[in-house]
Amino acid sequence: MGHVNLPVSKRNTRQWRLLDIVSAAFFGLVVLFFLLVFTRLGDSLAASGRQTLLLSNADPRQRQRIMELVEAGQKQAIEACPAAAVDHMPCEDPRRNSQLSREMNYYRERHCPPPDETPLCLIPPPDGYKIPVQWPESLHKIWHSNMPHNKIADRKGHQGWMKQEGPHFIFPGGGTMFPDGAVQYIEKLGQYIPIKGGTLRTALDMGCGVASFGGYLLAEDILTVSFAPRDSHKSQIQFALERGVPAFVAMLGTRKLPFPAFSFDLVHCSRCLIPFTAYNATYFVEVDRVLRPGGYLVISGPPVQWPKQDKEWADLQSVARALCYELIAVDGNTVIWKKPTGDSCLPNQNEFGLELCSESDDPNRAWYVKLNRCVSRTSSAKEAIDVGTIPKWPDRLAKAPSRAGVVKKGLDVFNADTRRWERRISYYKKSLNLKLGTPAVRNVMDMNAFFGGFAAAIRSDPVWVMNVVPSHKPATLAALYDRGLIGVYHDWCEPFSTYPRSYDFIHVSGIESLVRYPGFDKSRCNLVDLMVEMDRILRPEGTVVIRDHPEVIERVNRIARAIRWTTTIHEKEAGSQGREKILVATKSFWKLH
């Protein structure tokens, strides 16, 4: 049987058309892959599925009307957010932030939506959520179902970060630069710096991973603030908090870190990949600002004696020399420096143009303040705050720090505040039936900490306290660090930089002062929004204690009912001055399904 042969030209044309289609499709897929992986479009699309419902805003007038009904006690309940919002952080929203500049990682810093663009709803727990494993067992294992994110375990399990075993995530205690465990790594550091004995108390761990370094330093009575951005290592800070280790979300980008000057006895970076010498050593200058004179800086990993990073390593050493840091040791890929105790090193000739800040510069200003291009004067403290000069831990907790002078008659006020909180905590534990001092409470926040009297009074409990000093109030946070406590600046008209379900216990004395202008009977923001934010960061079955005037407590009680808290109202303890009542609330353990 015969068959028809097509002309060669027609056969080639048809083949070339097919090749064109295949080539075009392949090229289109390559372009799409490039857009998704290497541009902001990818970030935006990746986040949009999780954020779409969350950012579908109601009419602001309707939102305001709902808040008025809640405050009046006429609306029974604020609605739940959608299930996709279980890990939502309003100020670290990838969908919003991916549209911002990437210069100096600006897009990874805090960028909060206006209040009327923030949905008024309650963040639900994830499916299968359980009351967290209690401390100290939680340092080693947590429930997988509470944050079922396997990315870190899959990528970093071989380095000892974490791994999944049955219903738990297990934390062997390792890290990228210490795969054999944080304990062994800390012991090595102890050969060069005074880890034991109370000389070091406050530490900062930058780019902390799941915070094993800070977690194991607790055995030495060193209290570490661990931070990392919300980035490709999804939920690393969430894992740290679930383990019961102090941590919060932050990025060293264009702004100062939210700490006062000369706060930390030890600053640590283990493969944090911060470009310390970039932008005329701006990031090293910021580390210098928060490091206490006589304190220690430890950097492990790149660029310290790292292959193909000779110039970066040489530049890092040049900056340290320009600031007269004493080189303590270079051990493999770890370098340890000690900060000098005076300003005498500058001015000098250095390739980075480093100069001392003017005498009018206040190095303690750090809430939404751009990074300094100058080196903070240690003499600006005007007090003896050097490591080795301030008392050792635990003696420094009770001694009135000289930086308490930021308020009028500060030393007297400090001592009175300490006595007041000893009396109050005694009353709390005896009369209010709180869980303080039990294994049920590990992560604690004081939203209006002042000198840290509340945290000092529960020092014997198995807890750590995030002391928050509101940015519009007297800058007492430096004195708080001097006594060996930790905390941050924050404005409570904005959400806090942490994941949902971070804290077991939240305390606030004077809640109305957090939303009012100082000295004026006018609100800066709404109490309903503040309490919805408190609910976001509080764990199910967690406790809130609020002290304020009786009329404020009544308002708070009406809002508490709308966010599904159960409450009791108590009289204040004997001997306290002023008109106050105390509200104790428990967050209910509700689920979407």
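The figures that follow rest on heavy atoms only: side chains count, while hydrogens, waters and symmetry mates do not.
The minimum heavy-atom distance linking Y296 with L291 is given by the pair O-CD1, 3.6 Å. Nearest approach of V532 to C121, heavy atoms of both residues: CG1-O, 3.6 Å. Nearest heavy atom pair, residue L514 against residue C493, reads O-SG, 4.4 Å. Here the closest heavy-atom approach between residue V330 and residue V304 is recorded as CG1-CG1, 4.4 Å. The heavy-atom pair separating D205 from G214 by the smallest distance is OD2-N, 4.4 Å. Heavy-atom minimum distance, V298 versus I193: CG2-CD1, 4.4 Å.
The side chain to side chain contact (heavy atoms under 4.5 Å, CB included) search around P303 returns Q309, E312, W313, L316, not counting sequence neighbours. With sequence neighbours excluded, the residues forming a side-chain hydrogen bond (donor to acceptor under 3.5 Å, both in side chains) with E109 are T254, listed by chain and number. Take P518 and apply the side chain to side chain contact (heavy atoms under 4.5 Å, CB included) test, not counting sequence neighbours, and it matches H472.
Taking the six-membered ring for Trp, Y481 and F264 have ring centres closer than 6.0 Å. Taking the six-membered ring wherever Trp is involved, the centroid distance between the rings of Y216 and F178 does not fall below 6.0 Å. Outside the 6.0 Å centre-distance limit, the rings of W337 and Y192 are not counted as a close aromatic pair.
Not a single donor-acceptor pair under 3.5 Å links the side chain of R289 to the backbone N or O of N372. No donor-acceptor pair under 3.5 Å is formed between the side chain of N333 and the backbone N or O of S300. Of the possible polar contacts, one joining the T202 side chain to the S263 backbone as a donor-acceptor pair under 3.5 Å is found. Not one N or O on the side chain of R108 forms a donor-acceptor pair closer than 3.5 Å with the backbone of N97. Of the possible polar contacts, none joining the D529 side chain to the N526 backbone as a donor-acceptor pair under 3.5 Å is found. Using modelled atom types, no side-chain atom of R230 and backbone atom of I237 make a donor-acceptor pair closer than 3.5 Å. Remark: the backbone N or O of P115 is paired with a side-chain donor or acceptor of R63 at under 3.5 angstrom. Of the possible donor and acceptor atoms, none in the side chain of R243 sits under 3.5 Å from a partner among the backbone N and O of G215. Between the side chain of K256 and the main chain of E286, no donor-acceptor pair closer than 3.5 Å is present. Listed for the D504 side chain is no donor-acceptor partner under 3.5 Å among the backbone atoms of G542.
With rounding to the nearest 0.5 angstrom, the CZ atom of R539 is 7.0 Å from the OG atom of S502. Remark: F248 CZ to L257 CG distance equals 7.0 Å, nearest 0.5 Å. Atom-to-atom distance recorded for I274:CD1 and M206:CE is 4.5 Å, nearest 0.5 angstrom. Note: M89 CE to Y499 OH = 4.0 Å, rounded to the nearest 0.5 Å. In this structure, CG on L354 lies 5.5 Å from CG on L323, to the nearest 0.5 angstrom. Rounding to the nearest 0.5 Å places NE2 of H111 at 11.0 Å from CG of D93.
Under the 4.0 Å criterion applied to side-chain N and carboxylate O atoms, D265 and R201 are not assigned as salt-bridge partners. Electrostatic pairing of D87 and R501 counts as a salt bridge here, judged by a charged N lying under 4.0 Å from a carboxylate O. Salt bridge R321/E351: absent, no basic N to carboxylate O contact under 4.0 Å.
Using modelled atom types, one finds no donor on one side chain facing an acceptor on the other under 3.5 Å when comparing S226 with T224. There is no side-chain donor-acceptor pair under 3.5 Å between Y368 and S471. No side-chain donor-acceptor contact under 3.5 Å links R442 and S138. Between the side chains of N150 and H144, at least one donor N or O lies within less than 3.5 Å of an accepting N or O.
Taking the side chain as every heavy atom from C-beta outward, S376 and F262 approach each other to under 4.5 Å. Taking 4.5 Å as the limit, every side-chain heavy atom of I142 sits out of range of all side-chain heavy atoms of M162. Within the 4.5 Å cutoff, side-chain heavy atoms of P302 are placed close to those of L273. Side-chain contact between P495 and C112: present, with at least one pair of heavy atoms (C-beta onward) separated by less than 4.5 Å. The side-chain heavy atoms of Y279 and L371, taken from C-beta on, include no pair separated by under 4.5 Å.
The sulfur atoms (SG) of C272 and C208 lie 2.5 Å or more from each other.
Partner of P500 under the side-chain contact (heavy atoms from CB on, under 4.5 Å) criterion, out of V86, I123, L122: I123 alone.
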Does the pair Y503 and V444 meet the rule for a side chain to side chain contact (heavy atoms under 4.5 Å, CB included), with working shown?
-> CA-CA 6 Å; Y503 290 92; V444 178; 5.6 Å; no
Go through E533 and T118 one step at a time and tell me if the side chain to side chain contact (heavy atoms under 4.5 Å, CB included) criterion holds.
-> CA-CA 11 Å; E533 170 63 6; T118 303; over 6 Å; no
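Atom CZ of R524 is surrounded by more than 12 heavy atoms from other residues, nucleotides or ligands within 6.0 Å. For E355, the CD atom counts as loosely surrounded, since its 6.0 Å shell holds 12 or fewer non-hydrogen atoms of other residues, nucleotides or ligands.
Relative ring orientation between W492 and F496 is described as parallel, the plane-to-plane angle staying below 30° on a 0-90° scale split at 30° and 60°.
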